[in-house]
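The block underneath contains the structure these notes are about, expressed in structure tokens.
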Amino acid sequence: MAGLDLDLSRPVATDDLSLEYPARAGSPALRAVDGVTLSVAPGEIVAVLGESGSGKSTLALALAGLVGRGRAPEGRPRIVGGAARVFGQDLLRASPRRRDRLTAVVGYLAQDDGEALSPDLTVGEAIAEPIYLRDKRFDRREAGRLTSTLVDAVHLPLSVMLKQTWELSSGQRQRVALARSLVLEPSLLVADEPARGVDVLVRQAVLDVIKNLHEDRQFSAVVVTSSVAEARAVTDRVAVMRGGRLVGHGQIDEVLRDGVDPYVKVLAQTSPIDAIRRGSTGTVGSTGPLGSAGPRGEAEGDAGQTAGGDPR
């Protein structure tokens, strides 16, 4: 990208990274990530696994290039120690404008992006919006081609492009949000709890979309989740967080078998190593069934699920 000297051989590299939410309105500062060292290779998917409040969503913000060292915007953390590089860009030294440019090659899917879609836009307009935010003169025919390709890739009928976003189920909206995060054809996708708030019967379908798109486009990805089964659905490499620290890192089976941290031991007890393998369906630990829906359908009842947040 013009103005950025990207090192595509190193999508993500953090070294002893610490992130903190500044003190505000009488609340003390909160250290959400403490000394995390992690790397993601080209074309690799790494699942960041942890319970609520473990710091995994805060780490995702950093890996998406959305944090720096200076004064943090409301609700955002700042780097207070260590280093973080995304495609070779040092987030400690990068200006806000430079970090904004970096987001052109990094797709970020937040937990509530499906629910946050503008109700005033059609599905097609919502997906294409990031293109025009960067280039208002972008060719509309090409934008339409990119949008329709992604709608098809996330297993929605092309007719959905003309619907308003509020007309869709939560599972469908989450797929639209995923398509939106990929419309700029990023080299790195950071997806924070991509199946959260989606009916348990269609979570596997959302995860399958990420896995299949990754196989087709070979982007790097960080997928944040609180479920071992969901991690297995997209990759076999995991980084386990607890209390802001990395307490397990490596192949999922090895981490569960050899982990010494109490939280990792709990994961191993509740998610037997031989219970679920990638691409399988059925009952998944305590997370419920992950049966795959049809290629363009999904179970009803999504509206009964609410998107939860894990801000820190």
Side-chain angles (χ1 to χ4, degrees), residues 11-25 27-40 45-87 89-94 96 99-100 102-103 106-116 177 181 186 188-197 220-227 230-231 237-249 261 263-264 267 307-312:
V12 169
T14 72
D15 183 15
D16 200 28
L17 177 66
S18 293
L19 300 166
E20 183 178 273
Y21 288 89
R24 294 187 188 277
S27 298
L30 174 65
R31 179 71 61 92
V33 173
D34 191 8
V36 169
T37 297
L38 182 68
S39 65
V40 180
I45 299 180
V46 175
V48 177
L49 176 66
E51 60 191 344
S52 179
S54 65
K56 61 187 186 298
S57 292
T58 301
L59 179 63
L61 284 172
L63 301 187
L66 298 176
V67 302
R69 190 171 193 170
R71 181 176 176 83
E74 184 73 29
R76 288 279 179 89
R78 61 188 179 96
I79 299 174
V80 293
R85 291 180 178 271
V86 178
F87 292 117
Q89 299 298 302
D90 187 347
L91 299 183
L92 277 170
R93 295 179 173 83
R99 292 200 305 272
D100 180 65
L102 184 63
T103 60
V106 180
Y108 176 58
L109 178 66
Q111 292 180 22
D112 61 350
D113 273 358
E115 298 302 317
S181 71
L188 171 67
L189 172 67
V190 179
D192 186 5
E193 297 269 20
R196 189 164 186 168
S220 303
V222 175
V223 178
V224 173
T225 180
S226 56
S227 164
E230 290 182 7
R237 186 180 171 211
V238 68
V240 183
M241 292 189 68
R242 183 172 73 91
R245 294 179 177 273
L246 207 59
V247 295
H249 183 207
D261 183 85
Y263 176 63
V264 177
L267 289 177
D310 180 19
R312 304 188 180 186

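Everything numeric here is computed off the predicted structure, so don't read it as measured data. The residues of the chain are indexed from 1 along the displayed sequence.
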Taking the side chain from [X] and the backbone from [Y], do they hold a donor-acceptor pair closer than 3.5 Å?
X	Y	answer
Y263	M241	no
S220	P11	no
R76	L66	yes
T14	V36	yes

For this session: Determine whether the side chains of Y21 and T58 contain a donor N or O and an acceptor N or O closer than 3.5 Å.
Result: yes
For this session: Would you check if there is a donor-acceptor pair between the side chains of D16 and T37 at a distance under 3.5 Å?
Result: no
Below 4.5 Å, heavy atoms only, C-beta onward: do [X] and [Y] meet side chain to side chain?
X	Y	result
V238	V46	no
V223	V48	no
L63	Y108	no
L189	V222	no
H249	V240	no
V190	L109	no

Mind listing the closest non-hydrogen atom pair of [X] and [Y] along with its distance?
X	Y	result
L92	G82	CD1-O, 3.1 Å
V224	A60	CG2-CB, 3.8 Å
P22	R78	CG-NE, 3.9 Å
V40	R237	CA-NH1, 4.4 Å
A83	L17	O-CB, 3.9 Å
A29	A23	N-CB, 3.5 Å

For this session: Start with the C-alpha gap between F87 and V12, add the side-chain angles, then the distance that decides, and say whether side-chain contact (heavy atoms from CB on, under 4.5 Å) holds.
Result: CA-CA 6 Å; F87 292 117; V12 169; over 6 Å; no
Problem set entry | Over 12 non-hydrogen atoms of neighbours within 6.0 angstrom of CZ in R245 | no
Test side-chain contact (heavy atoms from CB on, under 4.5 Å) applied to [X] - qualifying residues, sequence neighbours left out:
X	value
T225	L49, E193, S227, E230, A231
R31	S18, E20, D34, V80
A94	R98, R99

Seminar exercise, completed: When rounded to the nearest 0.5 Å, the distance separating CG of L267 from CD of E51 is 8.5 Å
Problem set entry | Separation between CD of Q89 and CG of L102, rounded to the nearest 0.5 Å | 6.0 Å
